[in-house]
2 protein chains.
Amino acid sequence: MDLSRTKITIKQLSQEIGIGVDTLRVWERRYGFPLPHRDRRGHRSYTTKHLEELRVVKKLQIFGQRPSAIFSLSPTERHVLLEELLNTQRPENKSLEHLVFGMSPQQIVVELAEQKKRLGLAEFVKQTVVPLLQLIDHGWSSGRLSIAREHLISDQLTALLKAELSAAACPVRPQVLFLTLPGERHKLGLLLAAVQFQQAGVQSLLLNEELPLSEIPGLVAELAVEGVALSFSSHYPSRQAKHDLRSLRKSLNPAITIIAGGQAVQQLPTMPKLLVCSDLQQIPKLVKRYFKKNAMGIC
Amino acid sequence: MDLSRTKITIKQLSQEIGIGVDTLRVWERRYGFPLPHRDRRGHRSYTTKHLEELRVVKKLQIFGQRPSAIFSLSPTERHVLLEELLNTQRPENKSLEHLVFGMSPQQIVVELAEQKKRLGLAEFVKQTVVPLLQLIDHGWSSGRLSIAREHLISDQLTALLKAELSAAACPVRPQVLFLTLPGERHKLGLLLAAVQFQQAGVQSLLLNEELPLSEIPGLVAELAVEGVALSFSSHYPSRQAKHDLRSLRKSLNPAITIIAGGQAVQQLPTMPKLLVCSDLQQIPKLVKRYFKKNAMGIC
DNA sequence: ATATGGATTTGTCTAGGACAAAAATAACAA
DNA sequence: TTGTTATTTTTGTCCTAGACAAATCCATAT
């Protein structure tokens, strides 16, 4: 009944925290952490302790801290710093805390559905979904919330929002295709954006899989959509996002609008017909400006 | 409008085909393939051609061919061999071919929903879903079906089956938790199994995310389920599957049944309370034997 | 036919070096 | 003061070439 003595390889560790194998090795070389045991072959062998400490490191990194700063701190100091950073942007909603930490899966789904019904979709997203995602992030990083519960909740949330998306099945113009590139695991942000676009009068087609860049032009042509929306979470290397977008712009029909969202696309070089959408609040405006001028939804 | 001259790094290539970076390098060293260009730094730079040829290689590998055999063939010979292997197990259903290759996404969803309604869930799975998955695999490997279309269809299918799963919301005993481990990207097999179990009278809780091994015991206790089902596709290294299951068995409450499914779990050492389910057809029997003896669904 | 034991194949790991892109810092101008 | 540009440091990813256990194949013996 105890996994704390389970040894894992560098590859498994890499997969579980989302940090490359090479990076883990070079961190060890440069900063002396994480410093694993070795098996008789000389292969690195990590423990659950390393995993937990690296989750803190990862989270600090997402908050903008650089490795040199992170590793000059002791594990305890790192934890303290993380708590501080979290406190600067803690969401208020108390009822959500109850939902996140206390409820059973069945209760969660009922509660969410009820809130959606009561608030209406737009308000539900604003008042419940967005704070909920923040809270999940917080709970996850400070260790109060298990990864299992995090996944449980985001899974239920995904189901709920997806149902919303497919409900409006009448083919409206314009249509936008929503997808992620290989390596991008966070699909909730994309889903949220798709729902918002749909609310604003665009027909959102969500492809909930990671699609190679080279497949996009063909699919766009086949589906005859007006735009493609890509989501790049904070885990996605921003330089690669940049490169991907440039590459896509070159290979795609110039008439197609590209929409890029997520934390990884803050500063991007301007490109023809590229909309950068770093905030979900902007979406209604964006749609009005770029999509609704020459196209009407006739239903 | 042309991506064939797009250069990609070894990491990107690795992600797109699901073969490790180290493996790609050692294949080049040993067999001389794939042999990429180099940029001025000496870094490997692959093209779309490499990608396509490697997809054939990967597919041959899944068919049980070993690298030494695969790489002793020319690209053309490889393609021919793949076609031969595919022809040995081609599904019959002509109406499905039409669905897979011809229809628009909207048509697909309508068609699938209709078939499900007409056949009933059990028959729908048997007559439509399973052959459909086979056909998708075939089309994908022989290059007639784009990856985009493959994803499109499996996405729609997922939505349909998931709706089915959450429809029966009344809490029935026994409950089984369905999930995948980190690194396992193929979630359709798991979903299919969950649906079958649900049909057989088990309450299936599907967690559509990759959950670290160490999180499972806690979640199982929290949800108070009777069993955990894991799916290991042909992409998952079978030795790791073996290790994972052993590790899980040790850390989990001995009263909990573990169910392992997928192509990667053919020969497994016997373990207490471990059910190996290599064929979806067995599921009703399995449920009757191991779950239904002392538990009734009272609704 | 079935088990056993050795030979071969295969994927993943190792070390330590290299370098471009990104970020921080310094230098300078308005 | 603020803003721009050049210089330095940091950081992630790639490189080579070698090692080895686990998996698989193959030949021999029961």
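Values below: all heavy atoms of this structure, side chains included; hydrogens, waters and symmetry mates excluded. Per chain, numbering begins at 1; letters A, B, ... match sequence-line order.
- Outside the 6.0 Å centre-distance limit, the rings of B:W27 and B:F33 are not counted as a close aromatic pair.
- Between the side chain of B:R44 and the backbone N or O of B:R38, no donor-acceptor pair lies under 3.5 Å.
- If you measure from atom NZ of B:K11 to atom P of D:dC15, you get 12 Å, rounded to the nearest angstrom.
- The nearest whole Å value for the distance from the NZ atom in A:K242 to the P atom in C:dA20 is 17 Å.
- Applying the 4.0 Å criterion to OP1 and OP2 of C:dA15, one finds that A:R41 has every side-chain N and O outside that range.
- Within a 6.0 Å sphere centred on NE2 of B:H43, heavy atoms belonging to other residues, nucleotides or ligands number more than 12.
- Taking atom CZ on B:R25 and atom P on C:dC13, their separation rounds to 13 Å, with Å as the unit.
- In this structure, the OH atom of B:Y46 is 17 Å from the P atom of D:dT13, given to the nearest Å.
- The side chain of A:S68 places an N or O atom within less than 4.0 Å of a non-bridging phosphate oxygen (OP1 or OP2) of D:dT11.
- Residue A:R44 is in sugar-phosphate contact alone, with no base atom involved, counting any heavy-atom pair closer than 4.0 Å across all strands shown.
- Side-chain atoms of B:R29 come within donor-acceptor range of the base of D:dA17, with a qualifying N/O pair under 3.5 Å.
- Here the P atom of nucleotide C:dG11 and the NZ atom of B:K58 are 10 Å apart, to the nearest Å.
- A:E28 places no side-chain N or O within donor-acceptor distance of the main-chain N or O of A:L35, the cut-off being under 3.5 Å.
- Applying the 4.0 Å criterion to OP1 and OP2 of D:dT11, one finds that A:W27 has every side-chain N and O outside that range.
- Computed from coordinates, the A:D22 CG to C:dG16 P distance equals 15 Å when rounded to whole Å.
- Using a 4.0 Å heavy-atom cutoff across all strands shown, A:Y31 reaches sugar-phosphate atoms only and no base atom.
- Where A:Q240 and A:E28 each meet DNA chain C at their nearest nucleotide, the meeting point lying more 5' is that of A:E28.
- For B:I10, taking side-chain heavy atoms from C-beta onward, the closest of the listed nucleotides D:dG12, D:dC15, C:dG11 is D:dC15.
- For the pair B:E77 (side chain) and B:S74 (backbone), a donor-acceptor distance under 3.5 Å is present.
- Within the 4.5 Å cutoff, no side-chain heavy atoms of B:T180 are placed close to those of B:L230.
- Considering only side-chain N and O atoms, B:R30 lies nowhere under 4.0 angstrom from the phosphate OP1 or OP2 of C:dT9.
- In this structure, the NE2 atom of A:H243 is 15 Å from the C1' atom of D:dT13, given to the nearest Å.
- In this model, the phosphate group of C:dT12 is approached by a side-chain N or O of B:T23 to a distance below 4.0 Å at OP1 or OP2.
- The side chain of B:P67 lies closest to C:dT10, out of C:dT12, C:dT10, D:dC14.
- Annotation: of the two residues near DNA chain D, A:G20 and B:R66, the 5′-most nearest-nucleotide partner is A:G20.
- Between the P atom of D:dT13 and the CD1 atom of B:I8 lies a distance of 16 Å, rounded to the nearest Å.
- Backbone-only engagement by B:Q61 is indicated by non-hydrogen atom pairs under 4.0 Å involving sugar-phosphate atoms exclusively.
- The residue among A:G64 and A:V21 whose nearest nucleotide of DNA chain C lies closer to the 5′ end is A:V21.
- Among the heavy atoms of the strands lying under 4.0 Å from B:R38 are primed sugar atoms or P, OP1, OP2 only; no base atom is included.
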